[in-house]
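Below is one structure, written out as structure tokens; the observations come after it.
As a basis for the values below, the full set of heavy atoms in this structure was taken, side chains included, without hydrogen atoms, waters or symmetry mates. A, B, ... follow the sequence lines: proteins, then strands. Residue 1 opens every chain.
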Protein chains: 2
Amino acid sequence: MGASQEMAAFWVLCCALFTAVSSYSVLDEKLLFQRSLAEIARVKSTTDHIIDFTVNGKGQNQTYKRLAEFVDKFGSRLTGSQNLENAIDYMLNTLRSDGLENVHGEPVTVPHWVRGEESAELLQPRSHPLAILGLGYSVGTPPEGITAQVLVVRSFDELKARASEAKGKIVVYNEDFVSYGTTVAYRSNGAAEGAKVGAVATLIRSVTPYSIYSPHTGMQDYQDGVPKIPTACITIEDAQMLWRMSQRGEKIVIKLTMGAKNLPPAQSRNTVAEIIGHKYPEQVVLVSGHLDSWDVGQGAMDDGGGAFISWQALSIIRQLGLRPKRTMRAVLWTGEEMGIIGGQSYWERHKGNITNFDLVMESDIGTFTPLGIDFTGNDQATKIMKHLVGTLLTSVNASKLSSPAEVSDVPWWIENGVPGGSLINANQDYFFYHHSNGDMMTVEDAHTLDLCSAVWAVVSYAVADMEDMLPR
Amino acid sequence: MGASQEMAAFWVLCCALFTAVSSYSVLDEKLLFQRSLAEIARVKSTTDHIIDFTVNGKGQNQTYKRLAEFVDKFGSRLTGSQNLENAIDYMLNTLRSDGLENVHGEPVTVPHWVRGEESAELLQPRSHPLAILGLGYSVGTPPEGITAQVLVVRSFDELKARASEAKGKIVVYNEDFVSYGTTVAYRSNGAAEGAKVGAVATLIRSVTPYSIYSPHTGMQDYQDGVPKIPTACITIEDAQMLWRMSQRGEKIVIKLTMGAKNLPPAQSRNTVAEIIGHKYPEQVVLVSGHLDSWDVGQGAMDDGGGAFISWQALSIIRQLGLRPKRTMRAVLWTGEEMGIIGGQSYWERHKGNITNFDLVMESDIGTFTPLGIDFTGNDQATKIMKHLVGTLLTSVNASKLSSPAEVSDVPWWIENGVPGGSLINANQDYFFYHHSNGDMMTVEDAHTLDLCSAVWAVVSYAVADMEDMLPR
């Protein structure tokens, strides 16, 4: 090699070094992504086996069978009730019997609202029993009920415009269903807004796009300094009838009787089970759903399905004798329906350990036919997850990745940078059953639950078994 | 003209005469059909006007508005109840005020079954209230109810095979929904078949393909010489839950309390109104639906819609100042739900006049988007009707004609040769609401009802205004 050649070689080396240093982070990202692709390719034969076991093998129908046994045994599981605590005890025992690790309950203080006896009757212009469901945290009526004339409005704007007519009346909201997110404002704030203009009670059209005379319950929020008045949901059918009567100028009188009570707080538990990671046991991939439900129906869909595919994700891994690098943790929340009580308590208790949370997943919007994962994370994490679901979930037609993750129990983790995921599923009928007596096992399907469990197990196992945590 | 030409002309004449005589009936048919085509062409501008008036003009939303006023005012209208008689009085007054002719009630003796208070509760393996609806003609339980162990079966065959297990038990049928016509056998005969093997009561899965925890009622038939035991429908959801429990070998105990009673027969009326024909007033085109309903919901769909499009068919003709050649008659039946009582009474009263009944139409399978007419008649009448709906109802997309007519109140007329018609409509969800609390105005749609009324008015007017009665 001559001097000029040495000089040229030196320059090439300098240029390469300069390029390497100046684009260090780009290179790092690329390396990490390449390594992730390799990891995903590596794990595919295992996740294919997970899918086969769950959908066609010994795991077939297991989620449905386990969920049906649970909801048939306990029925609804209202926050604060002894029945929920019995259901949690059952789950703790069952998770232990299933061979999961570190099974325990984490104490949570929860509100204790009870419905009591409740009824409503149209007295004028004619006698007609109205199906109602009182709303969470509502106060009751006096034992003799409240009998009052009715003002029917279609919106908060109309209520404001007709505020002078509301005093001493039962305000009925016949709001149209736009979307759950939009329309739920009437259920949440209907009582407070009614009380501000002097209403003695409020009845809200159930927040659902479809009804077979089905009332739906849910939480509502009183406001500080505003009188607490009794509030309940009625059916779409009755709300529309009352509205037609009011449009005809008929005098409408309703008698509402509600035995609802807010009792002192009670003790409950988040239910936790793990498969401890063999290489990074302190790092966690979390899958979750809530065990509590409303006190109507069986809470099979909301959120029995979400809780049980979270158990099943770990159960499948255990049954297959697998153990990923980091810890898979199932958390079955308590107190979700009364205000995300369990989820918030968990955040407060564990947020100090946030750097070890690799991915938080939650299923609480149905376990109908799965289509993929809704994900929140930075661009790099999103790219990895897109590749992961596209590679590993094609055989179950659940290879879609979109954003953001739709969660209720784990938002704090995601807001603070932990990648989060939720289950995209064909849940267009979800609100037909949501918070109603229709939320029973009939809504669930054994094969569909297998598919959901497979998706949940594959995503959580694959991420837990990658060498690197997801970038954040 | 020469002799040979005259001979030839004579032969031609002879041949023509022979042909004419030998195919007299064919010619007659052809003439009649040609004349019918001409009549249909003649009436088209009038029926186009009827459609325009009903769908876009002054008649717009009228059927919905009238039906809503009626069902909101009276609610459900059970056979034998004072409420049904009040509703009939209201209709008689309203039909008169509407300018219809010969408005009157025709007395019918009807059965008088009352539901009374009713409830069911699962006591074992856990406490759970069961939504029930007692079935028509069911006897009640003793005041303290019947508490018994449960046998769940999926079919009559299974009940027979397990007859030895049924004695002293409440038999629950968890039959799959195949079609209404097939599956209704469980509701109709469930009690009798249960009693034959010693059951003390029967609970039947509601006869519907879809449920949001919705029980459905309906008639059932006891059998001579078989003990009458209390019988009610439960929801799909509960029937499936009880079946799952039984499959697990769990002991199931239910307490059933029913205050149902069969009271002495009552007096009711078929409600009749006419537009009297200007040329053949004794000849009748009949349109009909039933005014009575089950005692749940509002009977808006079953059969408020059918009854009110039948009123509306005449009302539109009256409002437009039209009068066809023969009489248009609306009959609003009573007692349909308790066994076609009004329809049968009408047949017995008027069958002597059968030759004057040109066409009998009935709407009792929904007033959803109309698609055409189901028709029963001979080939010639079918050909004419096919041309009629194809020519006159294309603008409302209801030009389909198929067979047979689907009727419940007028089968005797059709069996005895009178052409019959029913409304084909997009009623795939009909049984979601049928005989349940979901049968309220929310099921009905103003524009769809306009379309149904237009179809009903056009067909009945056009047939009533043709020179010839439909061939039979």
Would you indicate whether the side-chain heavy atoms of A:Met241 and B:Met441 approach each other to under 4.5 Å?
no
State, yes or no, whether a side-chain contact exists between A:Tyr213 and B:Tyr213 at a heavy-atom distance under 4.5 Å.
no
Please identify, among B:Thr235, B:Asp439, B:Asp238, B:Asn437, the residue contributing the most non-hydrogen atom pairs under 4.5 Å to chain A.
B:Asn437
For chain A, which of B:Pro125, B:Ala131, B:Ser76, B:Gly75 has the most heavy-atom pairs under 4.5 Å?
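Answer, by heavy-atom pair count under 4.5 Å with chain A: B:Gly75.
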Closest heavy-atom contact between A:Ile212 and B:Ser214?
CG2-OG, 3.6 Å
Between A:Glu237 and B:Thr442, which heavy-atom pair has the shortest distance, and what is it?
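Smallest interatomic distance, heavy atoms only, reads CA-OG1, 3.3 Å.
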Please round to the nearest 0.5 Å and tell me the distance separating atom OH of B:Tyr433 and atom OG of A:Ser211.
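Nearest 0.5 Å value for the OH-OG distance: 9.0 Å.
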Proximal component of A:Val71, with respect to chain B [non-hydrogen, under 4.5 Å]
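It is the backbone, since no side chain atom gets that close.
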Contact part of A:Glu69 toward chain B, heavy-atom cut-off under 4.5 Å: side chain, backbone, both or neither?
both
Short N-O contact, B:Arg126 and A:Asp72, less than 4.0 angstrom
no
If you count heavy-atom pairs within less than 4.5 Å of chain B, which of A:Lys73, A:His128, A:Arg248, A:Met440 leads?
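It is A:Arg248.
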Does A:Glu117, at its CD atom, have more than 12 non-hydrogen atoms belonging to other residues, nucleotides or ligands within less than 6.0 Å?
no
